[in-house]
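Numbered from 1 within each chain, the chains take letters A, B, ... in sequence-line order.
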Protein chains: 2
Amino acid sequence: MEKGLRADARRNRDLIVAAAQELFLEQGVDVPLEEVARRAGVGVGTLYRRFPDRDALLRAVGEQSLRRLVDLAETAWQEEPDAWHALCRFLRGSVALRLGVLPAKLQPHLHQRMRAGADLHELRQRVIVAVLRMIERAQADGVLRADIGPGDIALLMTLNVYTPPGMHNEQAMGRVVEIMLDGLRADVESPLPGAPLGEDDLRRYTAVRLPPTE
Amino acid sequence: MEKGLRADARRNRDLIVAAAQELFLEQGVDVPLEEVARRAGVGVGTLYRRFPDRDALLRAVGEQSLRRLVDLAETAWQEEPDAWHALCRFLRGSVALRLGVLPAKLQPHLHQRMRAGADLHELRQRVIVAVLRMIERAQADGVLRADIGPGDIALLMTLNVYTPPGMHNEQAMGRVVEIMLDGLRADVESPLPGAPLGEDDLRRYTAVRLPPTE
DNA sequence: CTTATGCGGAGGAAAATCTTCCGGTTAGGG
DNA sequence: CCCTAACCGGAAGATTTTCCTCCGCATAAG
């Protein structure tokens, strides 16, 4: 993506997107762009040259996240021997990459941009489809507990992404995912309260709207 | 606490603290105080009169949270028939109240205030002691998996508190806690990666320091 | 009924953030 | 190796957000 840039420009662009992803997550989408520049190790000028406004940056981060997530999900599905292991790999990966089903704090903004923007919708759709497949299949195999819906998975993923900054710790989060996975196994089966969170919940969650700021 | 106020003043004070707790959690401790006032349904003047500066408000929220948490933990310990059920009740309750082991986003600030301030340290200590007791006992009973430490519990609690605003949903979070609890049961026992997060981790987590802003 | 106590929010001061612009630096083709 | 188009950093002025005081009006409580 984004070609015809000089090598240093390209590198800086990537640094900026990476820094932005971190900071959007840690501090919300309102972080001062100067802080993004600082974390990326570039000047503000560089940032503004590449991303005319906050939205452009937001879109870039969103697109990158989605692409990674699609790749993670589809690779897991293809390469793992069964649906349960695919699901495990997907969850573990999403935590390692700090990606929710969709990067949650970006949702409200991405959502607006979607109609206008790129093929974001399609990417999102692919992730959702992959997750649905994994769940359905894993339940059919009798490994994933039956009273779980796609929305539940989405919620778990999102929680893992919202780790407070000081706690973001590869090791510790790895343990949390495993605990969650164990809690998802079919052999546990103490009934969950309420109904499974379904596909509609998943969609709602991945398009969460911030409280009316105005 | 805080007496000799006229009835309406008292009421407003409580409204302010409640609003502040929500907003600190949702938007961080830097929310405009005007927004706190708005959510509480009072004028800024009222807020500033009662809490001269942000710190005063922070301290009030922290103290209230801690008190509730202490009460939750100690009540659970006393009233439940065994340690496992006490732990369940504690976790469920902390989610319902939206309280981490300590309200995480408040930590860095509370931590500074602690030496000066009230008996916050003692309250914190009581929570920690209660949690340690529950864990130790539940493991001795063979109900809680053995490769779990206090730090793990603290982390799980914190995750539940950091729900993004749009997802804060009583029902859904209830399901998440149950999944977590199932994952904590001893009969699951697929080994977790790394070592249990111990008491020191717990303390570190409950005193998390924000990244150097300056 | 009186009055001490409390309330709301307008508004000026202060701080944070945005955005542009340009002199200096560097990648990379010739 | 050299030249130049492309890129970089960050100072600085404009703009927006946030702070916090102050005072005329409202009301709880004796």
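The interatomic distance linking A:L47 (CG) with C:dC21 (C1') rounds to 16 Å, in whole Å. Atom-to-atom, CZ of B:R50 to P of C:dT5 comes out at 12 Å; the value is rounded to the nearest Å. Atom-to-atom, CZ of B:R10 to C1' of C:dG6 comes out at 15 Å; the value is rounded to the nearest Å. A:L33 places its CG atom 14 Å from the C1' atom of C:dT20, with the value rounded to the nearest Å. Distance A:D30 CG to C:dC18 C1': 13 Å, rounded to the nearest Å. Remark: C1' of C:dT5 and CZ of B:R13 are 17 Å apart, rounded to the nearest angstrom. Regarding B:F51, its CZ atom lies at a distance of 14 Å from the C1' atom of C:dG6, rounded to whole Å. Counting to the nearest Å, the P atom of C:dG11 and the OH atom of B:Y48 are 18 Å from each other.
Among the nucleotides C:dG28, C:dG6, C:dG11, the one closest to the side chain of B:E34 is C:dG11.
Take the nearest nucleotide of DNA chain D for B:R54 and for B:G45: the residue whose nucleotide is more 5' is B:R54. Heavy-atom nearest nucleotides on DNA chain C were determined for B:R6 and for B:V44, and the one closer to the 5' end corresponds to B:R6.
Salt-bridge annotation for B:D182 and B:R185: present, with a side-chain N of the basic residue lying under 4.0 Å from a carboxylate O of the acidic one. Salt bridge A:R39/A:E35: absent, no basic N to carboxylate O contact under 4.0 Å. Salt bridge absent: A:R175 and A:E170 never bring a charged side-chain N and a carboxylate O closer than 4.0 Å. A:E22 has no carboxylate O lying under 4.0 Å from a charged side-chain N of A:R98, or vice versa, which leaves the two without a salt bridge. A salt bridge links A:D14 and A:R10; the closest N-O separation between the charged side-chain nitrogens and carboxylate oxygens is under 4.0 Å.
Smallest separation of non-hydrogen atoms from B:G149 and B:P196: N-CB, 3.7 Å.
Side-chain contact between A:D53 and A:L58: absent, with no pair of heavy atoms (C-beta onward) separated by less than 4.5 Å.
Here the range on DNA chain D touched by chain A, meaning any atom under 4.0 Å from one of its heavy atoms, is D:dA5 to D:dA11.
Contacts of B:R11 with the nucleic acid, taken as non-hydrogen atoms under 4.0 Å apart, are absent. Here A:N12 lies in heavy-atom contact (under 4.0 Å) with sugar-phosphate atoms only.
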